[in-house]
Amino acid sequence: MNSHKSTLLVLVLLFTTSLFAQKKPVDYVNPFIGTTNFGTTNPGAMCPQGFMSVTPFNVMGSEMNRRNKDEGWWSTPYVNTNSFLTGFAHVNLSGVGCPDMGSLLLMPTTGELNVDYKEYGTTYKDEKASPGYYSVMLDKYNVKAEISASLRVGTARFTFPAGQSNVLLNLGEGLTNETGAYLRKVNDREMEGMKLLGTFCYTANQAVFPIYFVIRINKTPEQSGYWKFQRPGYEWENEWNKDAGKYKIYTEYEKEIAGDDVGAWFTFNTTQNEQVEVQVGVSFVSIDNARANLNAEQPGFDFDAVHTKAREMWNSDLSKIEVEGGTEEQKTVFYTALYHTLVHPNILQDVNGEYPMMESAKTGITKENRYTVFSLWDTYRNVHQLMTLLYPDRQLNMMRSMIDIYKEHGWMPKWELYRRETYTMEGDPAIPVIVDAWLKGLRDFDVETAYEAFIKSATTPGPQNKLRPDNDDYMKFGYVPLRGEFDNSVSHALEYYVADWNLGRFAEALGKKDNAKKFYERSLGYKHYYSKEYGTFRPILPDGSFLTPFDPVLGANFEPNPGFHEGNAWNYTFAVPHDVSGLIKLMGGNKKFVEKLQSVFDNGYFDVSNEPDIIYPHLFSQVKGEEWRTQKIVRDILAKHFTNETGGIPGNDDTGTMSTWALMNMIGFYPHCPGKPEYTVTAPVFDKVTIHLDPKFYKKDKLVIETNRANADEYRLKSVMIDGKDIKKFIISHDELVNAGTIIYNF
């Protein structure tokens with residue numbers, strides 16, 4: 001080879017290597033992962049655990065899309081396979097299974113003003129997304145749209161062609177089922193207002209709340225005004241008939257406007273490639289606070305500065321874990337998973353510390369972060385354990401927020417959404433969240449009030465109990481009998497058992513021996529449901545007999561199923577993480593337990609996207625000699641279901657729960673039981689993992705996990721060594737983990 005060519009090749013390789021070495025954790029994130037396959041994530045811009053997010057909105061617009069919002073159960077503002085964009089929504093939920101939020105739709109258009117979203121919507125191309133940034137080209141208008149965000153303020157930059165250009169703010173459409181709003185023009189470049197949100201999951205009809213906003217534009221428009229959709233004063237046969245109402249555009253009226261389906265428009269004369277920036281500041285307290293948030297976080301128009309800061313915040317948080325080895329795809333899956341875990345819970349307070357108090361018209365004030373969006377039925381299983389390990393200061397503030405919710409409302413949160421309780425899903429999930437963290441050393445909170453709240457929900461009679469509505473039966477029988485055709489009785493009780501076991505451990509630690517014994521014994525009531533005939537849990541009728549006829553597979557496809565919620569008997573039979581040894585005995589010993597558990601995977605009954613199932617692979621590690629099954633099955637699930645694809649999350653991410661399952665298993669350990677400070681060992685996919693620990697909470701400032709194996713495909717562990725000593729097991733306690741310094745996995 002010519003020496004000059006050789007030198008050039010070496011330089012190219014060195015340059016390429018240098019670029020690769022400079023790649024940061026933030027560079028690996030692919031926000032499009034989870035945007036199909038019902039993952040319900042979105043590629044929009046946000047900061048870690050901020051309440052502002054801005055995302056493309058493409059699930060409504062055409063007549064078919066609008067129908068599908070209800071008939072297709074859209075619970076996300078964006079689906080990657082859709083192609084009709086009607087704006088950019090502000091303040092969105094990530095990974096949830098029910099529609100809400102996704103409102104304040106900002107949309108750039110060109111040409112004659114048209115405020116009908118079914119007509120001004122457009123196809124698009126050239127999507128790009130990274131943490132804190134999203135951009136797209138709008139086909140109909142040849143407009144490049146870019147969005148970014150700070151913690152409480154969204155920002156957009158629209159690059160227009162020459163001619164008439166428009167910016168629309170649509171307050172009528174969105175994922176929320178509420179359409180009412182208020183608008184007031186402040187000056188030529190600023191408007192303020194309020195939009196009603198709520199009715200999450202269509203079940204909490206009274207759980208509505210306002211979002212206040214201020215919109216500010218950096219260019220004075222030629223003209224601006226409002227619009228309102230006017231419906232005829234009679235019911236029409238076809239709700240989707242375009243002629244069943246019309247949009248009235250207000251060009252001269254400049255005072256405030258209110259009602260359903262209102263909006264604002266701004267019209268400009270732009271030169272070729274002229275850029276217009278738009279800021280939207282929001283608050284859940286007041287318009288004044290929305291403006292204060294905007295002025296504090298984005299005092300001027302500087303889109304690039306906002307984007308840069310958001311990117312830096314993300315990289316700082318993602319750098320808590322550094323990984324080496326593994327494939328590029330695995331790194332992308334890993335850091336995107338960590339990214340998704342840092343969306344919710346998110347802050348609620350404004351820059352002045354004010355926040356809306358729980359289930360109240362009052363305003364509170366805090367000097368620390370007040371958190372919201374507690375999807376606890378999901379996140380109590382692993383997200384809060386991850387927070388305790390990586391971001392203990394935030395986990396502590398989340399626990400304090402939960403206790404403050406109790407002080408304000410009288411009940412711990414169940415599925416709390418922007419200070420309203422939706423009462424979605426089962427159980428009493430605040431108990432394991434707080435007990436698990438307390439047992440791991442996070443104790444700087446109002447312990448007595450937390451205990452008081454737990455006792456209240458565990459002992460209050462059913463009609464008065466907002467968290468355990470069937471508590472009368474549960475306290476009387478030790479189980480919840482089936483009293484309605486589809487009342488989820490078994491699912492309810494299994495969650496109560498986990499909560500009571502945690503409460504018993506908490507009571508024991510606090511020296512309250514009688515309650516410790518009482519709640520521990522209650523936690524073993526799951527045994528009532530075990531049917532030897534079927535080898536599964538089975539609903540019990542009020543007379544104490546088992547439900548007959550009974551099909552343990554019924555419910556596998558989300559069809560209604562007596563006793564079980566979103567699953568069948570096989571999806572719940574092993575959901576007893578607090579007493580696996582008791583379940584093993586109930587099933588006839590280790591051999592039969594392992595055979596039955598393995599059959600769940602062999603027969604296709606395992607549902608990786610179902611929360612009660614996500615511990616199933618780890619239960620093999622409770623039986624000595626069978627730990628290899630955990631290591632193999634986890635590795636297989638990661639490879640099959642967690643990928644660098646838009647469908648790379650198996651179902652709803654559930655506010656980071658699925659992502660947390662993936663990332664913790666990828667680094668080699670997983671919290672198999674909330675309230676039990678220990679982890680199941682799994683086979684890491686990386687050669688080396690460095691976890692940076694907070695020295696304010698832990699003695700060591702980092703934990704290093706190294707692997708000793710011949711090739712990356714090996715999954716079967718031979719030993720785990722801490723400080724050079726074989727720990728002779730494949731379960732690691734929390735204390736061992738955070739004090740290890742270095743852990744070596746030998747294959």
Side-chain angles (χ1 to χ4, degrees), residues 49 341-342 344-346 348 358 369-407 409 411-417 421-458 466-468 494-507 509-510 519 523 575 577-578 611-612 614-615 654-657 660-661 664 670-679 697 734:
Q49 294 173 317
T341 68
L342 292 168
H344 303 303
N346 54 264
L348 179 62
M358 183 70 180
N369 284 335
R370 168 65 178 254
Y371 285 93
T372 185
V373 190
F374 284 108
S375 172
L376 295 176
W377 182 83
D378 306 298
T379 59
Y380 90 79
R381 304 167 197 274
N382 57 28
V383 172
H384 290 282
Q385 290 87 322
L386 181 70
M387 290 291 141
T388 296
L389 181 65
L390 297 184
Y391 315 98
D393 55 337
R394 298 183 201 179
Q395 172 63 16
L396 198 53
N397 279 341
M398 290 175 191
M399 294 156 64
R400 291 170 180 160
S401 296
M402 293 162 68
I403 294 167
D404 284 343
I405 285 172
Y406 169 74
K407 291 177 180 177
H409 174 49
W411 298 93
M412 280 288 188
K414 187 172 188 176
W415 211 124
E416 177 269 352
L417 181 67
E421 181 53 68
T422 69
Y423 299 111
T424 303
M425 302 310 292
E426 285 87 22
D428 198 348
I431 297 177
V433 168
I434 292 178
V435 172
D436 186 90
W438 191 87
L439 290 169
K440 291 173 180 173
L442 299 191
R443 301 184 177 183
D444 186 14
F445 62 91
D446 189 343
V447 175
E448 288 302 320
T449 297
Y451 182 72
E452 171 192 303
F454 299 160
I455 293 296
K456 179 179 179 179
S457 61
K466 292 183 178 293
L467 299 184
R468 304 190 188 195
L494 289 173
E495 293 297 333
Y496 300 160
Y497 298 136
V498 174
D500 280 348
W501 182 81
N502 275 268
L503 179 50
R505 284 177 62 79
F506 199 38
L510 296 178
F519 293 113
S523 77
H578 61 286
E611 265 69 7
I614 59 179
I615 61 163
D654 290 326
T655 62
T657 302
T660 301
W661 190 94
M664 295 194 77
Y670 185 81
H672 54 265
C673 179
K676 191 175 287 188
E678 60 185 33
Y679 306 85
F697 294 87
H734 181 73

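Because only heavy atoms are used, hydrogens play no part in the values below, and waters and symmetry mates are left out as well, while side chains stay in. Computed from a predicted structure; not experimentally measured.
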Is there a donor-acceptor contact under 3.5 Å from the side chain of Trp438 to the main chain of Phe506? no
Heavy-atom closest contact (Ile615 atom, Pro577 atom, distance): CD1-CB, 3.7 Å
List the steps and the verdict of salt bridge (Lys or Arg N to Asp or Glu O under 4.0 Å) for Asp500 and Arg468. CA-CA 12 Å; Asp500 280 348; Arg468 304 190 188 195; 3.0 Å; yes
Pair Lys676-Asn502, side chain to side chain contact (heavy atoms under 4.5 Å, CB included): steps then yes or no: CA-CA 8 Å; Lys676 191 175 287 188; Asn502 275 268; over 6 Å; no
Within the 4.5 Å heavy-atom criterion, are Gln385 and Tyr670 side-chain neighbours or not? no
If we ignore angles and hydrogens, is there a donor and acceptor under 3.5 Å between the side chains of Glu495 and Trp377? yes
To the nearest 0.5 Å, what is the distance between CD1 (Ile403) and CE (Met412)? 5.0 Å
Looking only at heavy atoms, which two atoms of Arg505 and Gly675 are closest? And how far apart? NE-O, 2.9 Å
From CZ (Phe454) to OH (Tyr406), nearest 0.5 Å: 10.5 Å
Parallel, tilted or perpendicular: ring planes of Phe374 versus His384, cut at 30 and 60 degrees: parallel
State, to 0.1 Å, how close Leu417 and Thr372 come at their nearest heavy-atom pair, and which atoms those are. C-OG1, 3.9 Å
Establish, from distance only, whether the side-chain atoms of Ser457 and Asp428 form a donor-acceptor pair under 3.5 Å. yes
Closer than 3.5 angstrom, by distance alone: can the side chain of Glu421 be matched with the main-chain N or O of Trp415 as a donor-acceptor pair? yes
If you measure from CG on Leu389 to CE on Met664, what distance do you get to the nearest 0.5 Å? 6.0 Å
Mind checking the CG-NE2 spacing from Asp378 to His344? Nearest 0.5 Å is all I need. 11.0 Å
Please name the pair of heavy atoms, one in Thr655 and one in Ser375, separated by the smallest distance, quoted to 0.1 Å. OG1-CB, 3.4 Å
Check for a donor-acceptor pair, side chain of Arg400 on one end and backbone N or O of Asp444 on the other, with a separation under 3.5 Å. yes
Among Thr388, Asp404, Ile434, Asp446, which one satisfies side-chain contact (heavy atoms from CB on, under 4.5 Å) with Met399? Ile434
Supply the atom-to-atom distance Glu416 CD to Leu348 CG, rounded to the nearest 0.5 angstrom. 7.0 Å
Minimal heavy-atom distance between Ile614 and Trp661, with the atoms involved, is O-NE1, 2.8 Å
How many angstroms lie between atom CG of Asn382 and atom OH of Tyr679, to the nearest 0.5 angstrom? 11.5 Å
Which heavy atom of Leu376 sits nearest to which heavy atom of Met402, and what is that distance? CD1-CE, 3.9 Å
